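Here's the structure, in structure tokens; my notes come after.
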Amino acid sequence: MKIQINTDANIQSSQALTTMVQDAIDHALSRFAEHITRIEVHLSDENAGKSGQHEQRCMMEARLESRQPVAVTEQAPVMAQAVQGAAQKLAHLLSSALGRLHDHKEKTSGLPLSGTE
């Protein structure tokens, strides 16, 4: 799974930021790694340095094999919270989407569903 990180002009890219984003993605999405080809992360400062609540924004888009991409957005006062929140939202979305795909495959394969006879 490739991770691509993009920042706006107001976010200073650094190795620490890259490591934080990669760790959050690895922690939240590792169980989906075989289905994901690429994660695109877009980090921005919505208020461009002005004070205010929920100014840091993280948008994550997961590119899946043979499926349409899915995306989530999280805003928070600090970037680490925005990244963690977006990673958790994406994990929930993928769990739901890929779970439905798995259930559909079981139903159409003619094999019994897990736990049934």
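The structure presented is a predicted model; accordingly, all values stated were derived computationally and were not measured.
- Side-chain contact between Ile11 and Met79 is present, with at least one heavy-atom pair separated by less than 4.5 Å.
- The structure places CD1 of Ile36 at 14.5 Å from NZ of Lys2, a figure rounded to the nearest 0.5 Å.
- Put simply, CD1 on Ile39 and CG on Leu64 are 7.5 Å apart, with the number rounded to the nearest 0.5 Å.
- Shown here for Arg31 and Ser95, the closest heavy-atom pair between the two residues is NH2-CB, 4.0 Å.
- Met60 contributes atom CE, which lies 11.0 Å from atom NE2 of His42 (distance to the nearest 0.5 angstrom).
- Considering every non-hydrogen atom in both Leu17 and Ser13, the closest pair reads CD2-CA, 4.2 Å.
- Of the possible donor and acceptor atoms, one in the side chain of Thr19 sits under 3.5 Å from a partner among the backbone N and O of Gln15.
- Shortest non-hydrogen contact noted between Val72 and Ala86 is CG2-O, 3.3 Å.
- Residue pairs meeting the salt bridge (charged side-chain N to carboxylate O under 4.0 Å, His left out) criterion with at least one partner in residues 75-99, sequence neighbours excluded, are Glu74-Lys89.
- Checked against Gln75 for a side-chain contact (heavy atoms from CB on, under 4.5 Å), the options Met59, Gln56, Glu46, Glu55 give a single hit: Glu46.
- The heavy-atom pair separating Leu43 from Cys58 by the smallest distance is CD2-SG, 3.7 Å.
- Note that CD1 of Ile3 and CG of Asp26 are 5.0 Å apart. Values are rounded to the nearest 0.5 Å.
- Two residues are said to be in side-chain contact when any heavy atoms from C-beta on lie closer than 4.5 Å; Asp8 and Arg57 fail this criterion.
- Here Arg38 pairs with Glu40 under the salt bridge (Lys or Arg N to Asp or Glu O under 4.0 Å) rule; sequence neighbours left out.
- Closest of all the heavy-atom pairs between Val83 and Ala24 is CG1-CB, 3.7 Å.
- The OG1 atom of Thr7 sits 11.0 Å away from the CG atom of Asp45 when rounded to the nearest 0.5 Å.
- Applying the side-chain hydrogen bond (donor to acceptor under 3.5 Å, both in side chains) test to Gln84 and every residue at least two apart in sequence or in another chain returns nothing.
- Nearest heavy atoms, Ala76 versus Ala82: CB-N, 3.6 Å.
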